[in-house]
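First comes the structure, then the notes that go with it.
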Amino acid sequence: MEKFIIRGGKPLRGEVAIGGAKNAVVAILPAALLANDKCVIRNIPCISDVAMDIDIIRDIGGAVRLIDRHTLEIDPSGLRDVEVPYELARSMRASYYFLGVLLTKFRHALVSHPGGCNFGDRPMDQHIKCFNALGATCELVKGAYDMSAERLLGTQIYFDKVTVGATINAMLSSVCAEGLTILENAAREPHVVDLANFLNTMGAHIIGAGTDVIKIRGVPQSSLCGVDYTIIPDQIEAGTYMVAAAATRGDVTVTGVIPKHLESITMKLRDVGAKVIEDNEHESVRVIGSDKPYRSTSCITLPHPGFPTDMQPQFTALLTMASGVSMLSEGVFDTRFRYVDELRRLGANIKVDGKTAIITGVERLTSAPTRALDLRAGAALMIAGLCAEGVTEIEEIHHIERGYEDMEVKLRGLGADIKKINRPDKVAAANVV
Ligand code: EPU
């Protein structure tokens with residue numbers, strides 16, 4: 001069992017390079033199986049969600065070759081199995097993309113209900129609605145979605161709720177459907193656009209990604225060819241370092257980003273008093289922290305281009321040290337405040353009322369042992385720990401490593417006093433004796 005040990009109080013300074021977008025790569029790796037020959041995918045982040053995707057692809061017969069740490073070659077020629085078992089599907093949300101891919105490839109898919117972070121109710125109804133609309137039947141058998149279709153026929157789908165997962169699955173399952181599919185009230189996240197660009201490079205015909213109406217004209221599966229593709233930069237990894245720079249009152253240039261994707265985060269940081277300089281030409285943003293207390297603010301998370309729910313915990317961490325009372329409302333998930341108790345351990349003053357966190361700023365945070373309850377909750381603790389007086393410990397860091405490549409190495413590169421250590425696992429030790 002590994003944990004992070006952070007001695008807080010050091011302003012972050014310097015440059016940090018951002019990797020490929022987790023939520024794009026977890027859609028694009030399965031999508032590569034739709035090609036008729038090998039794909040080379042670049043700018044792959046070295047995170048455990050990617051390792052899980054590779055395990056699934058290999059389990060169903062695809063071949064994955066590591067060209068270098070950030071480049072993979074995917075060969076779909078040996079693909080034979082339509083089943084993604086519980087042991088593999090349960091560890092990540094994005095395993096649901098194999099439903100769309102296998103349905104297109106084989107007209108049959110059997111994929112266990114996905115796992116992922118616990119944000120309360122995370123239904124799959126919009127995914128199923130879309131598979132059904134295309135002509136597939138879907139039954140839940142022992143916790144797995146068993147779907148089959150004789151033919152997939154283009155259709156019109158109106159999503160009752162803006163959903164990234166169902167929008168992506170709709171593209172994956174309609175890309176070779178006969179005729180035209182129109183998705184309305186579609187998600188507009190950068191990773192939705194990245195997947196559409198990837199599929200189009202393979203030979204698909206998708207227009208409108210990035211708007212709320214996406215049109216997909218089905219193409220024969222035989223016309224989808226292998227491509228060489230580079231994943232976009234991770235908006236949330238970038239946003240996390242931006243907030244960390246502001247929170248520690250540092251001066252950090254976040255490089256290899258698309259500043260446009262970061263606008264809602266940039267605006268919120270400026271709103272509370274940090275300076276953010278966008279450099280489109282050099283694909284970077286520089287965040288200069290304020291030496292005065294940050295201003296309180298109010299904010300609601302919304303689908304893109306709104307303020308991302310995946311930045312809510314990190315921003316809460318920053319606001320715990322702002323002056324006055326801030327209100328941060330969750331507009332995407334049912335509950336995403338389970339982590340506030342961990343911030344309270346560091347001295348944060350937060351009350352949660354339904355879907356709103358009411359944060360009364362304190363002068364300083366103090367260190368404590370904590371644990372990461374999910375990916376972004378872990379990132380929030382990293383930020384709080386970097387600011388807290390004394391030594392903060394963060395356990396259950398496997399959650400953080402699902403989505404951040406070498407976070408402690410990157411933070412050390414910015415001057416943070418952080419190390420990763422192996423905590424002796426008492427249960428394992430007891431078993432050895
Ligand atoms: N929803 C439904 N029915 C559905 C699908 C979704 O009601 O069939 C609801 C959800 O319960 C939620 C809302 O719609 O209230 C939005 O869910 P969405 O489908 O957009 O989320 P997701 O696909 O489950 C992805 C990311 C999350 C990110 C959300 C929102 C991946 C693998 N996951 O989840 O990423 O928070 O979109 O942007 O892409 C993270 O990276 O930390 C993370 C949790």
Side-chain angles (χ1 to χ4, degrees), residues 19-31 45 47-50 52-53 56 89 91-100 113-133 138 145 157-173 183 185-195 212 231-232 234-240 261 264-265 300-315 329-336 338-339 355 372-380 399-405:
K22 167 181 94 74
N23 290 343
V25 77
V26 294
I28 287 174
L29 292 182
I47 54 176
S48 60
D49 268 14
V50 165
M52 281 310 308
D53 246 351
I56 297 177
S91 49
M92 70 189 285
R93 195 79 199 153
S95 55
Y96 52 31
Y97 294 140
F98 287 88
L99 279 167
H113 184 76
C117 300
N118 178 357
F119 308 142
D121 195 20
R122 291 183 83 177
M124 290 278 292
D125 59 317
Q126 299 303 301
H127 299 244
I128 309 296
K129 167 174 153 169
C130 138
F131 298 136
N132 286 340
C138 181
Y145 297 99
I157 297 158
Y158 184 92
F159 292 110
D160 301 327
K161 190 158 185 183
V162 179
T163 135
V164 170
T167 300
I168 287 181
N169 247 335
M171 286 198 280
L172 293 171
S173 53
L183 310 179
N185 201 24
R188 291 177 281 170
E189 268 65 5
H191 31 287
V192 171
V193 180
D194 207 30
L195 174 71
D212 60 356
I231 306 277
I232 54 164
D234 195 304
Q235 172 202 24
I236 305 301
E237 188 195 17
T240 301
H261 290 171
S264 61
I265 303 162
I300 178 162
T301 67
L302 289 170
H304 192 79
F307 188 83
T309 173
D310 294 342
M311 284 301 301
Q312 182 255 94
Q314 302 91 312
F315 214 73
S329 299
E330 175 56 42
V332 176
F333 288 106
D334 269 2
T335 50
R336 202 171 181 170
R338 288 191 321 137
Y339 66 90
K355 290 178 131 196
L373 295 181
D374 63 55
L375 168 58
R376 309 303 173 188
H399 288 294
I400 298 173
E401 292 176 342
R402 281 190 44 215
Y404 292 92
E405 175 177 322

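Because the structure is predicted, anything quoted here is derived from the model rather than measured. Each ligand, and each atom within it, is numbered from 1 in the order the structure gives.
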Next on the checklist: Give the atom numbers and elements of ligand 1 that come within less than 4.0 Å of a heavy atom of D121.
Outcome noted: 11 (O)

Checklist outcome for this item: Closest to atom 44 (C) of ligand 1 (heavy atoms only, candidates F159, F333, Y97, F119) is F119

Checklist entry - For A89, which residues count as a side-chain contact (heavy atoms from CB on, under 4.5 Å) partner, sequence neighbours excluded? => result V84, S95, S112

Next on the checklist: Considering non-hydrogen atoms of the protein only, which is the closest contact for atom 8 (O) of ligand 1, and what is the distance?
Outcome noted: Q126 N, 2.7 Å

Checklist entry - In ligand 1, which numbered atoms sit nearer than 4.0 Å to a non-hydrogen atom of R336? => result 36 (O), 42 (O), 44 (C)

Checklist entry - Would you say E189's side chain and H304's backbone share a donor-acceptor pair under 3.5 angstrom? => result yes

Next on the checklist: I'd like to know if the side chain of S173 and the backbone of F131 have a donor-acceptor N/O pair within less than 3.5 Å.
Outcome noted: no

Next on the checklist: If you take the nearest heavy atom of each of A379, P123, P308, which one is closest to atom 5 (C) of ligand 1?
Outcome noted: P123

Checklist outcome for this item: Taking every heavy atom of Y97 against every heavy atom of A27, the minimum-distance pair comes out as CD1-CA, 3.7 Å

Next on the checklist: Which of the numbered atoms in ligand 1 are under 4.0 angstrom from any heavy atom belonging to K22?
Outcome noted: 40 (C), 41 (O)

Checklist outcome for this item: atom 39 (O) of ligand 1: closest protein heavy atom, distance to 0.1 Å, is N23 CG, 3.2 Å

Checklist entry - Do side-chain atoms of T301 reach the backbone of G331 as a donor and acceptor pair under 3.5 angstrom? => result yes

Checklist entry - Any sub-3.5 Å donor-acceptor pair from R336's side-chain atoms to T309's backbone N or O? => result yes

Checklist entry - Is the shortest heavy-atom distance from the side chain of M124 to the side chain of L99 under 4.5 Å? => result yes

Checklist entry - Counting heavy atoms only, which part of V332 comes closer than 4.0 Å to ligand 1: side chain, backbone, both or neither? => result both

Checklist entry - At what distance is the nearest protein heavy atom to atom 43 (C) of ligand 1, and which residue and atom is it? => result D310 OD1, 3.3 Å

Next on the checklist: Against ligand 1, does T167 come closer than 4.0 Å with any heavy atom?
Outcome noted: no

Next on the checklist: I'd like to check which ligand 1 atoms, numbered from 1 as shown, lie under 4.0 Å from a non-hydrogen atom of G165.
Outcome noted: 19 (O), 23 (O)

Next on the checklist: So, using side-chain contact (heavy atoms from CB on, under 4.5 Å) as the criterion, who are the partners of A372 when residues are at least two apart?
Outcome noted: I394, H399, I400

Item to check | Side chain, backbone, both or neither: the part of H304 lying under 4.0 Å from ligand 1 by heavy atom | outcome: neither

Checklist entry - Which option, K161, M311, R376, owns the non-hydrogen atom nearest atom 41 (O) of ligand 1? => result R376

Checklist entry - Between the candidates V164, D125, L375, which shows the shortest non-hydrogen contact distance to atom 20 (O) of ligand 1? => result V164

Checklist entry - Ignoring hydrogens and geometry, is there a side-chain-to-backbone donor-acceptor pair from N185 to F159 under 3.5 Å? => result yes

Checklist entry - For ligand 1, which atoms, with element, lie under 4.0 Å from some heavy atom of M124? => result 8 (O)

Checklist outcome for this item: Checking heavy atoms under 4.0 Å, the part of I128 that sits near ligand 1 is neither

Checklist entry - Any idea which atoms of ligand 1 are less than 4.0 Å away from a heavy-atom of Y96? => result 22 (P), 23 (O), 24 (O), 34 (O)

Checklist entry - Any idea which atoms of ligand 1 are less than 4.0 Å away from a heavy-atom of R122? => result 11 (O), 22 (P), 24 (O), 34 (O)

Checklist entry - How far is atom 30 (C) of ligand 1 from its nearest protein heavy atom, and which residue and atom is that? => result T309 CG2, 3.8 Å

Next on the checklist: Using only atom types and a distance under 3.5 Å, with no angle test, would you say the side chain of N169 pairs donor to acceptor with the backbone of G100?
Outcome noted: yes

Checklist entry - Angle class for the F333/F119 ring planes (parallel below 30°, perpendicular above 60°, tilted otherwise)? => result tilted

Item to check | Distance, nearest 0.5 Å, that separates CG of N23 from CD1 of I28 | outcome: 11.0 Å

Checklist entry - Where is the nearest protein heavy atom to atom 6 (C) of ligand 1: which residue, which atom, and how far? => result T163 CB, 3.7 Å

